[in-house]
Structure formats: C-alpha cells, structure tokens
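Below is one structure, written out as structure tokens; comments come after it.
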Amino acid sequence: MKRTKIKIALNSDSAMEEILIKGWVRTKRDNKGFSFLELNDGSSIKTIQAIIDHTPEIEAALARVGTGAAVAISGELVESPGKGQKWEVRGKTLKVIGEADQETFPLQKKRHSDEFLRGIAHLRPRTNKFGAMFRIRSELAQAIHKYFAEKDFFYIHTPIITGSDCEGAGEMFRVTSLEAGSKETAENDFFGKPSHLTVSGQLSAEMFSLSLGDVYTFGPTFRAENSNTPRHVAEFWMIEPEIAFSDLVDDMDLGEDMIKYLITHILDNCPDDIELFAKWVDKTLMSTLEGILREPFKRLPYTEAIEILKKTKKDFEYPVEWGIDLQTEHERFLCEEKFKKPVFVYDYPKTIKPFYMRMNDDNKTVAAMDCLVPRIGEIIGGSQREERMDVLVARMDEAGLNKDEYWWYLDSRRYGSVPHAGFGMGFERMLMLVTGVANIRDVMPFPRTPKSLDF
RNA sequence: UCCCCAGUAGCUCAGUUGGCAGAGCGGGUGACUGUUAAUCACUAGGUCCGCGGUUCAAGUCCGUGCUGGGGAGCCA
C-alpha cells in the first residue's frame, strides 16, 4: 500500500477502510491497553492522531518509540470520538522505521528558544515553527516566479562567479583554485585574473533587459562584510528585476505591486502556517500585512525626507543634514512613526550612490529609490540606470573606475541604449516581513554569518 | 569592526555580604480503558564556557580568550 500524506488524510471527505501513514512521532501518550501517537510528516503543520491497542507485538514496537522516532502505521481512517480533531487513524500495525534515543534527542515536547534551535539547525525543521517557516519559504520562492511569469518577465541565470572586482555593493569573497598559502599571482589562477562571488546580478541583468525587455534574476548573493545584525548574512538570496523602456516611477510601481502580490499570495496559500506566526511570533502580524495591502506606499523625495527629519522634535543620535545617508533611526522614524506604512525614499544625493544610477536634471541627485518597511528597514534598493554614454563615463571617472573592465557594460550604452530601471529585493527580508520573524538566521535553512559555518 | 548584555542539569532559568549545586520542564521506572505539551507517584542527572589570578575558601571577585544575543556601521 502507498502511504497517504497526513495533509491529505486530514482533508479526507470520508472514512477510509485502509490507510498507511508515515511520519515522525511528536508525542506518545500511553494508557493501560492502548496508546496515542501523534504523527507529523511535514506535509502540513498539522499532526494526525493514531490510536493503537496493545498486543505483545505492538507493545514491543511501542517500547522503541518516543518523540522524534519515525514510524509507519497502517489501519483505518475513522471519525475521532475525542475532541480536537475530526479524523484519526485506528492503527492495526506499527512499524518502527527509525528510532530516536530519548536520552539524547534534543527536541522536546515544549517550546525551545530560537538561539538553541540555531545550534541544531539540522533538526529544527522538525519543529512546528521551522516546518512552517520552510514551507512558507518554498511557497514564497514559487510565488516570485509566478508573479514574473504572469507579467511576461524572463528569468535570467546570471553568473555566481564574477570577474569584476568592483561592483560597489560591498566586500566580496575571493574565488580561487590555488592552494592555501600559495604565492602564485592571480594571472596564474584558474581564470587568469582575480575572481569573486557575485554581490549582485544587476550588471548582467541589465544586458538582458536591453535585449529581452523585462527580466529578473533570483539566486544566491554573497557579501563578505563583517556584519553582525539580525538583518545581515554572508550568503542570501536576492530578486533583481530589470525593466527596459522604464523610469524610476515604473520601478517603484513594480516594487510596490510585487510586495503586495507576494503578501497576498502567502496569506491565500499558507493560512495554517501563517497562523502560527501571527499567534506565537508577532501578534501584530495580520494587521501589519493587511495595512501594507490596504493603502498605496508613501513616496518621498530624499530632500523632503531631510526636511521632515529636521523639523521633527525627535532627538536623533546622528544629526540630519542634506547630503548624509539616512541612518537606521531616521528610516525607522519615517516608516514606523511618521507615515506608519512602507515608504519609498527617492532621488538621493549622487555622492552617496553608485556610478550606474541615473543623474537627475538638478545635477545633484540621482534616480535612486529605497523601499523602507516597518521593523526591517530597507527591503528594496533600486534605481533608474544611467543610459547616457557621456554621463555614465563621467560618473565612472569620478568614481575612479577602470573603464576597460566595463567595456561590455559600456557597449550596452554605445549601441541602442534605452532608459531602464531595476531593483534588488532581499528574499530573506521579504520572508521576515511576511512571517514577523525578527532574525534573518531564522528564515534560512543553514545561515552563513561571520564565525559560523556549521552544517 | 565598535558599544552593551549573557554563558550554571538535555531545555528554560534561580543561586543572598565569597562558605556543601537548586527549581520547573524534559529523560528513566511504575500506575491508569479516549488522551490532546495527558495525569499521578518514584527516580537518575553537573568540566557552573576555557585559561590565568586574588583568597583559608570562587558559580559568585579581577584579567583574558571563545561563543551567543541586542544595538551601531555596511546593505538586501
């Protein structure tokens, strides 16, 4: 007989004379003459209760079963006479697939701290919370592809290994095939030049936007920053759409529409898993998400943001002046206190933004935009790209970049250049927004952070 | 990388002016004919993060290192 997934069994319309379920025991309750087992197989957050009468064989099997053990139970699916569940399995046979030593199995029938579970990241998906998390993570990834497919975007696989060592988005990890301690120079390394893990697929994506129109990348990204915060990791996933014949307003429209689509999709498709987070992790989750869906995001030019910050009576640790980059305290004030909703801040001073962002007519600001959301901060960072060859070259010279390294990038402006824009969205930060989880290490299977590379 | 806090049983934590190491939960054993993180009784369980120092005596005080957490910077 084929096993029935627990999710399917629990959704059954009718009783079943024969059923086989397999899963991990969450709890065993013994009575005189019979026992209850609750099984979870990961197909949903719910467990199915099995009741099984004691026989010598069953008792021998039960002696080897505790929390965490993997078992198979065959029997019939019947209406439960007990409270709390519609269906239960009346077991006839019990087979132990994999034992779990109760003296050493670290997961107990109680809540564990997030810190403890991080130390056993290989087992934490067996808990309700992390099982729910990783089902939602899967669904969110699928929703991203669905969203772009519906809008006729093309999915581009940009390279993980990059040869340009100055993409300007942070410290990079070196890639080499040389032995550790080797005195060989980069010319004798695998690629014959320095190579690194990508910090962004943007420059590559731009090339395909200027060919296929609307494109996106969705893949791993690496930053060798020594960041120790609940919002940063060394390896994370980023979504980077790039849209041709488009400006900064189109870019913000896309970002806002996408955030709303993804939230709606998760609320519609993961109600049981989201409920756990709304109940145990963030009591304000539902009102926060519904609030984001309800209204248009605030769109605020940087210059106006500075004026608002200067006018407010709040005592900021960092003084506000036109030309500074917004500090976390400023961003939080704008989206959590002043507007109480997601805020796009746009048209930043050119001095604090990279060379590829499009120069505005004031010659002081560039067409950049950051989307700030409550609690998480920057979830999207993007810009309209500089499509004018002469302006772009001047900006590269200002930044002291070697134009020879970017010959292919400049070619895209030399031949058939068009206005285009794009942004990067942190996939994990989106997951934090959707679930209310406060630490990015708890939305990833095996997070990579400074001084931490277990599993 | 900087600032702050923490590290005691498997987990969560208490531990007084420096004086014999504690609780709840979990585990084990037993009881119980419908339980829901079952209940009840009994029971085992410790490198007090590592190293060095002060002291008759250190979980407790001092120094240092490691690890974890929070805040900041960097950003997504």
Side-chain angles (χ1 to χ4, degrees), chain A residues 26-38 46-54 63 66-68 78 80-85 88 90 100-120 127-128 167-171 198-202 218-240 255 316-318 325-332 352-354 370-373 376-382 423-433 438-444 449-452 454:
Chain A
R26 283 296 173 76
T27 178
K28 175 176 79 162
R29 293 182 290 271
D30 290 320
N31 292 274
K32 189 173 183 71
F34 61 97
S35 293
F36 292 101
L37 291 177
E38 274 191 48
K46 293 184 174 143
T47 54
I48 197 164
Q49 170 168 287
I51 180 169
I52 191 157
D53 287 330
H54 291 175
T67 302
V78 298
S80 177
K83 284 187 182 132
Q85 62 280 319
E88 67 182 18
R90 180 156 281 281
D101 178 9
Q102 297 301 291
E103 301 270 8
T104 57
F105 184 62
L107 292 175
Q108 301 173 359
K109 287 182 287 188
K110 62 174 211 170
R111 288 186 74 179
H112 287 294
S113 66
D114 291 334
E115 288 86 350
F116 171 70
L117 291 172
R118 271 171 225 152
I120 50 167
T127 64
N128 285 336
E167 288 182 33
E171 290 296 310
T198 183
V199 292
S200 165
Q202 179 198 318
F218 179 27
T221 309
F222 307 87
R223 304 275 166 92
E225 301 285 351
N226 191 6
S227 297
N228 290 284
T229 83
R231 301 181 302 281
H232 293 86
V233 277
E235 176 183 327
F236 62 99
W237 282 57
M238 187 155 65
I239 304 113
E240 295 181 285
F316 292 118
E317 195 184 331
Y318 291 83
D325 209 352
L326 295 184
Q327 304 294 311
T328 297
E329 57 177 348
H330 306 140
E331 296 179 346
R332 293 192 69 140
I352 56 172
K353 291 293 179 184
D370 285 353
C371 182
L372 313 173
V373 293
I376 290 155
E378 187 179 339
I379 196 166
I380 281 177
F423 63 79
M425 168 188 276
F427 179 63
E428 281 78 12
R429 288 187 182 172
M430 187 66 207
L431 255 180
M432 292 167 75
L433 179 67
N439 194 314
I440 197 168
R441 299 173 185 92
D442 297 331
V443 303
M444 314 185 75
T449 51
K451 298 280 183 293
S452 172
D454 293 327

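Note that the structure is a prediction, hence the values are computed from the model and not measured. Each chain gets a letter, A, B and so on, in the order its sequence line appears, and its residues count up from 1.
Regarding Glu331(A), its CD atom lies at a distance of 12 Å from the C1' atom of G73(B), rounded to whole Å. A straight line from CZ of Arg223(A) to P of A76(B) spans 5 Å, rounded to a whole angstrom. As rounded to whole Å, 11 Å separates atom C1' of G26(B) from atom CZ of Phe116(A). Rounded to a whole Å, the CZ atom of Arg332(A) is 15 Å from the C1' atom of G73(B).
For U67(B), the paired nucleotide is A6(B), the pair qualifying as Watson-Crick or G-U wobble because both relevant distances are below 3.5 Å. Under the Watson-Crick and G-U wobble criteria, each requiring two contacts below 3.5 Å, nucleotide G34(B) is left unpaired.
Residue-level contact check: Lys451(A) touches the backbone only, with heavy atoms under 4.0 Å from sugar-phosphate atoms and none from bases. Here His112(A) lies in heavy-atom contact (under 4.0 Å) with sugar-phosphate atoms only. Among the protein residues, Thr229(A) comes within range of the nucleic acid bases, having at least one heavy atom under 4.0 Å from a base atom. Using a 4.0 Å heavy-atom distance criterion, Gly82(A) is classed as a base contact. Ser227(A) comes within contact range of at least one nucleobase, with a heavy-atom separation under 4.0 Å. When heavy atoms are screened at a 4.0 angstrom cut-off, Arg118(A) is found touching the sugar-phosphate backbone but no base atom. Contacts of Pro106(A) with the nucleic acid, taken as non-hydrogen atoms under 4.0 Å apart, are absent. Note on Tyr318(A): only backbone sugar-phosphate atoms sit closer than 4.0 angstrom, heavy atoms only; bases stay farther off. Residue-level contact check: Glu88(A) touches the bases, meaning some heavy atom is under 4.0 Å from a base atom. Ile51(A) comes within 4.0 angstrom of a nucleotide base, judged by non-hydrogen atoms across all strands.
When distances are taken from the side chain of Gln49(A) to each of U33(B), U35(B), G69(B), the shortest belongs to U35(B). When distances are taken from the side chain of Gln85(A) to each of U35(B), C75(B), G73(B), the shortest belongs to U35(B). Ranking A76(B), C32(B), G71(B) by closeness to the Asn31(A) side chain, first place goes to C32(B). Listed candidates were G68(B), G70(B), A76(B). Nearest to the side chain of Val233(A) is A76(B). Side chain of His232(A), nearest nucleotide from C74(B), U35(B), U1(B): C74(B). Here A76(B) is the nucleotide among A76(B), G69(B), A37(B) with the atom lying nearest to any side-chain atom of Ile440(A). The nucleotide whose nearest atom lies closest to any side-chain atom of Phe34(A) is, among G28(B), C75(B), U33(B), U33(B). The side chain of Gln327(A) lies closest to A72(B) when the candidates are U33(B), A72(B), U35(B). You'll find that the side chain of Lys109(A) is closest to G27(B), out of A76(B), G27(B), U33(B). Residue Lys110(A) places its side chain closer to G24(B) than to any other of U1(B), G24(B), G71(B).
Distance noted for atom C1' between G28(B) and A44(B): 7 Å (whole Å). Look at the P atom in both C42(B) and A37(B): the space between them is 25 Å, to the nearest Å. Taking atom C1' on both nucleotides, G73(B) is separated from C4(B) by 16 Å, rounded to a whole Å. Only the P atoms considered, A21(B) is 15 Å distant from G45(B), to the nearest whole Å. Nucleotides C49(B) and C2(B) place their P atoms 24 Å apart, quoted to the nearest Å. To the nearest whole angstrom, the two C1' atoms, one in G19(B) and one in A57(B), are 7 Å apart. Remark: the separation of the P atoms in U12(B) and G69(B) is 13 Å, to the nearest Å. Nucleotides U35(B) and G30(B) place their P atoms 23 Å apart, quoted to the nearest Å.
Summarising the geometry of Arg231(A) relative to Thr328(A), their closest heavy-atom pair is NH2-OG1, 4.4 Å, with the distance given to 0.1 Å. Nearest heavy-atom pair, Arg223(A) versus Val199(A), reported as atom, atom and distance to 0.1 Å: NH2-O, 2.7 Å.
Between the base of G7(B) and the side chain of Glu115(A) there is no donor-acceptor pair shorter than 3.5 Å. Checked by distance alone, Arg429(A) brings a side-chain donor or acceptor within 3.5 Å of a matching partner on the base of C75(B). You'll find a donor-acceptor pair under 3.5 Å spanning the side chain of Asn228(A) and the base of U1(B), going by distance alone. Side chain Arg90(A) to base G34(B): a donor-acceptor pair is found below 3.5 Å. A donor N or O paired with an acceptor N or O is not found under 3.5 Å between the base of U1(B) and the side-chain atoms of Glu225(A). Judged by distance alone, with hydrogens and angles left aside, Gln108(A) brings no side-chain donor or acceptor close enough to the base of U12(B) to form a pair under 3.5 Å.
No salt bridge links Arg429(A) with Glu378(A); every basic N to acidic carboxylate O contact stays at or beyond 4.0 Å.
At the phosphate of U12(B), OP1 or OP2 sits under 4.0 Å from a side-chain N or O atom of Ser113(A). The side chain of Arg441(A) contributes an N or O atom lying less than 4.0 Å from OP1 or OP2 of G69(B). For Ser200(A), no side-chain nitrogen or oxygen approaches OP1 or OP2 of A76(B) to under 4.0 Å.
Taking CG of Asp53(A) as the reference point, atom CZ of Arg90(A) lies at 5.5 Å (rounded to 0.5 Å). The CG atom of Leu433(A) lies 4.5 Å from the CD1 atom of Ile379(A); values are rounded to the nearest 0.5 Å. With values rounded to the nearest 0.5 angstrom, Phe116(A) atom CZ is found 7.0 Å from Leu107(A) atom CG.
The aromatic rings of Phe34(A) and Phe36(A) lie perpendicular to each other, with more than 60° between the two planes, well past the 30° mark.
Counting only heavy atoms from C-beta outward, the side chains of Glu329(A) and Glu317(A) approach each other to under 4.5 Å.
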Apply side chain to side chain contact (heavy atoms under 4.5 Å, CB included) to residues His112(A) and Ile120(A) and explain how you reach the verdict. CA-CA 11 Å; His112(A) 287 294; Ile120(A) 50 167; over 6 Å; no
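In this structure, Phe236(A) forms an aromatic stack with the base of A76(B), since both conditions hold: centre separation below 5.5 Å and plane angle below 30°.
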